[in-house]
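See structure below.
For the numbers below, each heavy atom of this structure counts, side chains included, while hydrogens, waters and symmetry mates do not. Letters A, B, ... are given to chains in the order of the sequence lines, protein chains preceding strands, and every chain is numbered from 1.
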Protein chains: 2
Amino acid sequence: MEELYTQSARTGARLSPEERRSALINATLRCIIKEGHAGLSVRKVCQEAGVSAGLLTHHFTGKEELIIEAYRFLTKDIYSRINQSLAQVSEPSALKKLRLFIDVSFRRPVLDKDYLMVWLVFWGLSKQKPAIAVLRNEVNDTVISTLEKLMTATVSELSLEAVNVRLAATGLSALMDGLWLEWSLNSTNFSPDEAAKICQCWVDAFVANALQRLN
Amino acid sequence: MEELYTQSARTGARLSPEERRSALINATLRCIIKEGHAGLSVRKVCQEAGVSAGLLTHHFTGKEELIIEAYRFLTKDIYSRINQSLAQVSEPSALKKLRLFIDVSFRRPVLDKDYLMVWLVFWGLSKQKPAIAVLRNEVNDTVISTLEKLMTATVSELSLEAVNVRLAATGLSALMDGLWLEWSLNSTNFSPDEAAKICQCWVDAFVANALQRLN
DNA sequence: TAAGTTGTTATACAGTCGTACAATAAAAAG
DNA sequence: CTTTTTATTGTACGACTGTATAACAACTTA
């Protein structure tokens with residue numbers, strides 16, 4: 001399995017600001033993966049990037065900006081992984097797209113244990129750093145809206161009974177997050193395939209008009 | 001709303017080892033609630049407990065033990081909160097017990113935003129400190145087993161079709177965790193009551209034999 | 001080649017970190 | 001009361017924190 005956020009081959013070389021900023025951001029994520037919140041120190045990140053500690057303030061205003069930029073990169077990275085996986089298949093039916101979205105989410109490279117520490121650390125910072133909380137909420141709203149649209153289209157396609165699709169999508173999102181979290185913390189209780197099946201059951205219930213309580 | 005883990009009235013007094021250990025553990029949780037992982041320093045915890053920093057090593061072998069004991073206390077505390085809420089009602093039917101468990105979990109004092117930081121910090125430590133991971137897995141298995149028993153009893157009561165109850169319980173647990181997490185991170189998208197309703201839908205689907213995919 | 005620009009290093013600074021340890025104060029035991 | 005025990009304090013230690021800054025080195029432009 002390919003490692004997340006490997007450092008570029010050239011070390012010690014003089015890089016352009018964009019390249020160096022990117023290298024430091026990747027090193028930040030690698031440090032969090034290795035040591036959690038404890039790995040989030042300027043010296044450790046710079047050493048991981050093969051660079052002197054003082055260089056950080058030359059490319060970032062400080063540690064704060066580095067962290068926020070690392071989070072911004074992470075969200076974009078995962079978002080692109082999901083879209084890349086989805087683009088491999090062209091499914092006209094909204095229902096099939098929905099089911100594909102679930103399956104893709106519980107397979108690499110979207111599913112990866114290394115993400116656990118990263119998300120936990122950033123979520124833990126979101127209370128003290130509002131910028132992170134704002135970013136997280138935006139991404140989350142995007143995901144739920146995506147699910148909601150697919151489910152609304154499914155209602156039309158299959159002529160289902162009216163239901164609060166927003167809450168149904170919220171439930172599916174929470175179910176996926178909960179299973180992802182539990183599997184990341186302890187992968188011995190169920191497999192990714194089983195997790196995907198559990199989520200598909202929520203869709204089954206949705207299609208079978210079994211979520212009428214959400215009204 | 002009552003605050004979690006308030007310090008006892010007597011400060012500056014000479015306490016028994018058990019009392020002092022308890023006070024330090026409570027101060028630890030309060031520090032995490034206030035500042036997240038950054039609040040988890042010996043000096044901050046001892047100041048929060050109104051005590052000199054050197055006292056910690058007199059009652060604990062070090063920071064490590066304090067953290068693990070704080071986690072142990074936290075799990076017991078929440079477990080007792082759940083049981084206390086459940087004990088208020090005597091429901092003979094397993095299905096009603098199951099539904100009650102859900103409702104109780106999305107009401108105070110089980111549902112409390114202050115728990116978010118605490119869990120995130122401890123989960124973030126679980127990779128580096130195996131003792132925490134072991135404890136978490138034990139508690140999680142207990143919860144899922146509780147759900148599984150209630151659901152198995154429901155199958156008998158209602159003569160439902162055979163289904164993989166373990167996976168159905170895993171799904172319910174994940175759904176509850178995911179909704180708890182999302183609500184704790186951003187409580188503007190849905191209410192605790194709606195979260196409970198979403199979970200009850202999973203039970204509805206279970207009762208309606210809509211989870212047959214789990215076989 | 002010379003001058004100017006800028007990516008990079010190394011050092012210094014004032015804090016904070018966890019913890020060991022001697023001094024102190026208060027309770028318990030005699 | 002005196003003696004013993006022990007909860008508590010204050011300090012000291014080396015290591016680490018984030019960042020500012022001067023010196024250095026590499027690239028660009030003239």
* Asked: Is the shortest side-chain N to carboxylate O distance from Arg81(B) to Asp77(B) below 4.0 Å?
  -> yes

* Which pair of heavy atoms, one from Thr28(B) and one from Ala70(B), lies closest together, and at what distance? -> CG2-CB, 4.0 Å

* Asked: Between His58(B) and dA20(C), is there a side-chain N or O to OP1/OP2 distance below 4.0 Å?
  -> no

* Asked: What is the nucleic acid contact for Gly62(B), judged by heavy atoms within less than 4.0 Å: base, sugar-phosphate only, or nothing?
  -> sugar-phosphate

* Looking only at N and O atoms, is any donor in the side chain of Arg14(B) or the base of dA27(C) less than 3.5 Å from an acceptor on the other one? -> no

* Structure fact -> Closest of dT19(C), dT9(D), dT8(C) to the Ser52(B) side chain is dT9(D)

* Is His59(B) near enough to dT6(D) that one of its side-chain N or O atoms lies under 4.0 angstrom from OP1 or OP2? -> no

* Does the side chain of Asp114(B) come under 3.5 Å of the side chain of Tyr5(B) through a donor N or O and an acceptor N or O? -> no

* Structure fact -> Winner on side-chain proximity to Thr57(A), out of dG7(C), dT21(D), dA25(C), is dT21(D)

* Structure fact -> Expected list for residues 34-43 of chain A near DNA chain D, using heavy atoms below 4.0 Å, is Leu40(A), Ser41(A), Val42(A), Arg43(A)

* Structure fact -> Shortest non-hydrogen pair, Val45(B) vs Gly39(B), comes out as CG2-O, 4.1 Å

* Rounded to whole angstroms, how far apart are NZ on Lys44(A) and P on dT17(D)? -> 6 Å

* **Rounded interatomic separation in angstrom, taking CG from Leu24(B) and P from dA7(D)** => 13 Å

* Asked: Is a donor on one side and an acceptor on the other found under 3.5 Å between the side chain of Trp123(A) and the backbone of Arg136(A)?
  -> no

* Presence of salt bridge, Arg108(A) and Asp112(A), under 4.0 angstrom -> no

* Take atom CD of Gln47(A) and atom P of dT8(C), then tell me their distance rounded to the nearest Å. => 17 Å

* Would one find a side-chain N or O of Arg20(B) under 4.0 angstrom from OP1 or OP2 of dT8(D)? -> yes

* To do: Take atom CD of Glu19(A) and atom C1' of dT8(C), then tell me their distance rounded to the nearest Å.
  => 15 Å

* To do: Could you tell me the separation between the CG atom of Leu55(B) and the P atom of dT8(D), rounded to a whole number of Å?
  => 5 Å

* **Interatomic distance where CD belongs to Glu64(B) and C1' belongs to dG18(C) [whole Å]** => 12 Å

* Atom CD of Glu194(A) and atom CG of Asn164(B): how far apart are they, to the nearest 0.5 Å? -> 7.0 Å

* Euclidean distance, atom CZ of residue Phe60(B) to atom P of dT8(D) [Å, nearest integer] -> 12 Å

* Please state how far atom CZ in Arg21(B) lies from atom C1' in dT6(D), giving the value in whole angstrom units. => 16 Å

